[in-house]
Engineer: 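Take a look at this one; I'll ask things after.
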Amino acid sequence: MSTHPLISGLNEKQATAVSADDRPMLVLAGAGSGKTRVLVHRIAWLIQERRYSPYSILAVTFTNKAASEMRGRVEQLLGSSVRNMWIGTFHGLAHRLLRAHYMDVGLPQNFQILDSDDQQRLVKRLIKSMNLDEKRWPAKQAQWYINGKKDEGLRAQHIETFDPTEQTLKQIYEAYQESCDRAGLVDFAELLLRAHELLRDNKTVREHYQKRFRHILVDEFQDTNSIQYAWIRLLSGQDNIVTIVGDDDQSIYGWRGARVENIQQFLDDYPAAMTIRLEQNYRSTGNILRAANSVIANNSDRLGKDLWTEGNEGEPISLYAAFNEMDEARYIVGRIEEWRDQGGALQDVALLYRSNAQSRVLEEALLHARLPYRIYGGLRFFERQEIKDALAYLRLVSNRDDDAAIERVINTPTRGIGNRTLDIIRQTAREQKKSLWQAATQLVDEKQLAGRARNAVASFIELINTTDDETEDFTLGRLSNEVISRSGLLAMYEAEKGEKAETRVENLKELVSACENFTQDETEEDLTPLNAFLAHAALEAGEEQADEYQDAVQLMTLHSAKGLEFPMVFMTGVEEGVFPSQQSMDEPGRLEEERRLCYVGMTRAMQKLVITYAEQRRIYGQDFFHKVSRFISEMPADALHEVRLQTQVQKPTSYGRFNTGASHEAFEQTGFSLGQRVRHAKFGDGTVLNYEGTGPQSRIQINFDQVGTKWLVVAYAKLEPSVS
DNA sequence: CCCGCGTTCCTTTTT
DNA sequence: GGAACGCGGG
């Protein structure tokens, strides 16, 4: 069996997982242990060797990227298409289920998906209309509450509470749901919840899918929330074979409802399950793995796993103590230049940070050094304002009752429908439990609006209706082109000046060509091309816009680095209060999640890992003196190499708020330099942060390890260079 | 309706 | 430090 082509290149554990019999299985896959490979080979094995039809396999992932990569790799392995196999995200699959059974779940056939931005706007408007104080009841918080409840499988009517705060939130939830239902709108959490209710309450439907999906495979299982796991349970019935793949040590989304406990729950629910640990790592050097193992060992309640490699130790992890965030950035730039000069590619370098705000200083330094970079986590194509405007028009063409869409564009571009008029429409809609469109139409017909407002509303209604009527046999591309010009959106953005407006016009044109190039998936034949496109826009917000072909340094948060790997990785801002973040430090559970995040970050590195921290950091315009992160002390000392500033050839020439390079030299005649480690007879060791004036009378700022930051006069302080 | 000013808030992100 | 938002004046 070891010579079977689907298994020959695999290690023993991988091969066992791939060729396992029909029984539930947990694959605990450590970072870099070939997890995707196992999943892909397993599916291919089931089809080729065990003669399962692709039709009887369901594979679930969290991102569209993972789903399409998996399908591609399975097809490549089999040399044939697996079109009728269901591979997709939880949300994509739920959408498909709801479409197929829209009548059973009480949705209109052309129901639309609300993204989080739409959702927040809708909630906000409802809070206003309920006459609640928006300061006391922030839309964000209410949205968080609603989604949290939905993720737990709870409808508003299931919530019993005597807490007055929660009672209000519950009312908002109720009003929101009513509003969505009336408008035929489904948010992301609702997709899952409603699909779950469908499977739970409709025996025929449930048994149909249970009969169909003999094998169910779930990727990144540690990221599943309650409703997602409940979903899997319902689909798997009595004798379907569930395979889950995940890593409890890489669970970093607890804050958004993911439950690592689901892994343990799975083992309880499927007692016959076999557990396979993939611990051989094919990515990182021995040193990096040793340090990562040592950090994660500080967490409790692990399922237990130790990564190992057959590769070499590699070089030690570099640790750099910067004196502030600009020095940190400068050091990193120096190391990247060194890497490039030795022939390294920039796209092989990743800069990781805990929060997005930290990227700015790094960007400035990269810009300054003329190093191209690409930053992850910006606005994506379908999330842009102008695109969402255009999509709102398209949504109205498809479904007039879409309140979220009408709110967005009824007066964009301005057409004389002001707040006054809008409020009348809203009120009428609320009182008569109708959609905004219906209310507006009625008000116009019954001549209940003042002349000017009435004309404006009437012509808006006319605009949507005629656009719909006259484009009936248009292609999607032509339709979208028609929409952006007839609505006046294009003209509006063309009239604006500035670079921003120009990009918006370009984006609108880009939208037209996206529509032209859009090909409907064959699983979407039940949808009109327009509805298929709209679903596509909501469910996969599109790639971030960046020139992928350019050789550029990659900047991203630690969270978005999960699943990726880079030859050279910088983990920056590794300080108490930054990483682990301040908000996570008090609660043990959250601290452990931060530690897993550290583990994730470290295991992204293939050859070189550089960890940096700053003695002083400016956050929100305030200076902080953080201690080194505890995670660093959790690494074995012999896996680390501390880089000291004195050993650097490059002088700290500041280009920011600090003293400039010219006066540095004068300062350095005192015998000290910024970032230098010094020793004081009374205060102990510390780091030079800043100075004032030159010569012996100058004052010098030092962050002492024990007693914090102090200003001292050089002449009296009797400082010595520290030996450590 | 637009502009400018003051206020507030501030991890992490996918769908 | 700065984006995002609400409010009041023109």
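Any value given below was found using the heavy atoms of this structure, including those in side chains, with hydrogens, waters and symmetry copies removed. Note on naming: letters A, B, ... go to the chains in the order of the sequence lines (proteins, then strands), and numbering restarts at 1 for each one.
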Engineer: Nearest-nucleotide wise, let me know which of A:K135 and A:G416 is further upstream toward the 5' end of DNA chain B.
Structural biologist: A:G416
Engineer: Are any of A:R590's side-chain N or O atoms less than 4.0 Å away from OP1 or OP2 of B:dT12?
Structural biologist: no
Engineer: Counting any heavy atom closer than 4.0 Å, what does A:N411 reach on the DNA or RNA strands: base, sugar-phosphate only, or nothing?
Structural biologist: sugar-phosphate
Engineer: May I ask you to evaluate whether A:N356 reaches the phosphate of B:dT12, defined as a side-chain N or O under 4.0 Å from OP1 or OP2?
Structural biologist: yes
Engineer: Taking only the side-chain heavy atoms of A:H559 (C-beta and beyond), determine which of B:dT11, B:dT15, B:dT12 contains the nearest atom.
Structural biologist: B:dT12
Engineer: Can you figure out which of B:dT15, B:dT13, B:dC2 approaches the side chain of A:T414 most closely?
Structural biologist: B:dC2
Engineer: With rounding to whole Å, what would you report as the distance between B:dT13 and C:dA4 at their P atoms?
Structural biologist: 16 Å
Engineer: When you get a sec, tell me which of C:dG6, B:dT11, B:dT15 is the closest nucleotide to the side chain of A:E134?
Structural biologist: C:dG6
Engineer: Under 6.0 Å between ring centres, would you say that holds for A:Y599 and A:F631?
Structural biologist: no
Engineer: Whole-Å distance between B:dT12 P and A:L352 CG?
Structural biologist: 14 Å
Engineer: So which nucleotide from B:dT12, C:dG1, B:dT13 ends up closest to the side chain of A:R256?
Structural biologist: B:dT13
Engineer: Going by the salt bridge (Lys or Arg N to Asp or Glu O under 4.0 Å) test, name the single residue among A:K124, A:R125, A:K128, A:R121 that passes it with A:E407.
Structural biologist: A:R125
Engineer: Anything under 30° is parallel, anything over 60° is perpendicular, the rest tilted; go ahead and classify A:H626 against A:F624.
Structural biologist: parallel
Engineer: Which residue, A:L527, A:L539, A:L391, A:I113, forms the side chain to side chain contact (heavy atoms under 4.5 Å, CB included) with A:L534?
Structural biologist: A:L391
Engineer: Using a cut-off of strictly less than 4.0 Å, decide whether A:Y620 has a side-chain nitrogen or oxygen near OP1 or OP2 of B:dT11.
Structural biologist: yes
Engineer: Specify the closest pair of heavy atoms between A:I127 and A:A142, including all atoms of both residues, with the distance to one decimal.
Structural biologist: CD1-CB, 4.1 Å
Engineer: Please work out whether B:dT11 sits syn or anti, treating a glycosidic angle within 90° of 0 as syn.
Structural biologist: syn
Engineer: When all nucleic acid strands are considered with a 4.0 Å heavy-atom cut-off, which category describes A:S560: base, sugar-phosphate, or nothing?
Structural biologist: sugar-phosphate
Engineer: Would you say A:N225 reaches B:dT15's phosphate, i.e. side-chain N/O to OP1/OP2 under 4.0 Å?
Structural biologist: no
Engineer: Would A:Y229 and A:F221 satisfy ring-ring contact (aromatic ring centres under 6.0 Å, His included), going step by step from the backbone distance to the final call?
Structural biologist: CA-CA 9 Å; A:Y229 181 56; A:F221 187 80; 5.7 Å; yes
Engineer: Is the ring of A:F62 stacked on the base of B:dT15, with centres less than 5.5 Å apart and planes under 30° off?
Structural biologist: no
Engineer: Would you check if A:Y253 stacks with the base of B:dT12, given a 5.5 Å centroid limit and a 30° plane limit, both strict?
Structural biologist: no
Engineer: Over all strands shown, is A:K128 touching base, sugar-phosphate only, or nothing at heavy-atom distances under 4.0 angstrom?
Structural biologist: nothing
Engineer: Base, sugar-phosphate or nothing for A:Q228? Non-hydrogen atoms, less than 4.0 Å.
Structural biologist: nothing
Engineer: Is there a donor and acceptor pair closer than 3.5 Å between the side chain of A:S116 and the base of B:dT13?
Structural biologist: no
Engineer: For A:W255 and for A:R415, locate the closest nucleotide of DNA chain B by heavy-atom distance; then report the residue assigned to the nucleotide nearer the 5' terminus.
Structural biologist: A:R415
Engineer: For B:dT12, take OP1 and OP2 only and decide whether either is under 4.0 Å from a side-chain N or O of A:T557.
Structural biologist: no
Engineer: Are A:R99 and A:E524 ion-paired here, with the side-chain N under 4.0 Å from a carboxylate O?
Structural biologist: no
Engineer: Looking only at the side chain of A:K124 (C-beta and beyond, no hydrogens), which of the listed nucleotides B:dT15, C:dG6, B:dT11 gets closest?
Structural biologist: C:dG6
Engineer: At under 4.0 Å between heavy atoms, what does A:T63 touch on the DNA or RNA strands: base, sugar-phosphate, or nothing?
Structural biologist: sugar-phosphate
Engineer: Quick one: is A:K65 getting a side-chain N or O under 4.0 Å of the B:dT13 phosphate, OP1 or OP2?
Structural biologist: no
Engineer: At under 4.0 Å, does any side-chain N or O of A:N64 touch on OP1 or OP2 of B:dT15?
Structural biologist: yes
Engineer: Does a nitrogen or oxygen in the side chain of A:R360 sit under 4.0 Å from OP1 or OP2 of C:dG2?
Structural biologist: yes
Engineer: Expressed in angstrom and rounded to an integer, what is the separation of A:N419 atom CG from C:dG8 atom C1'?
Structural biologist: 14 Å
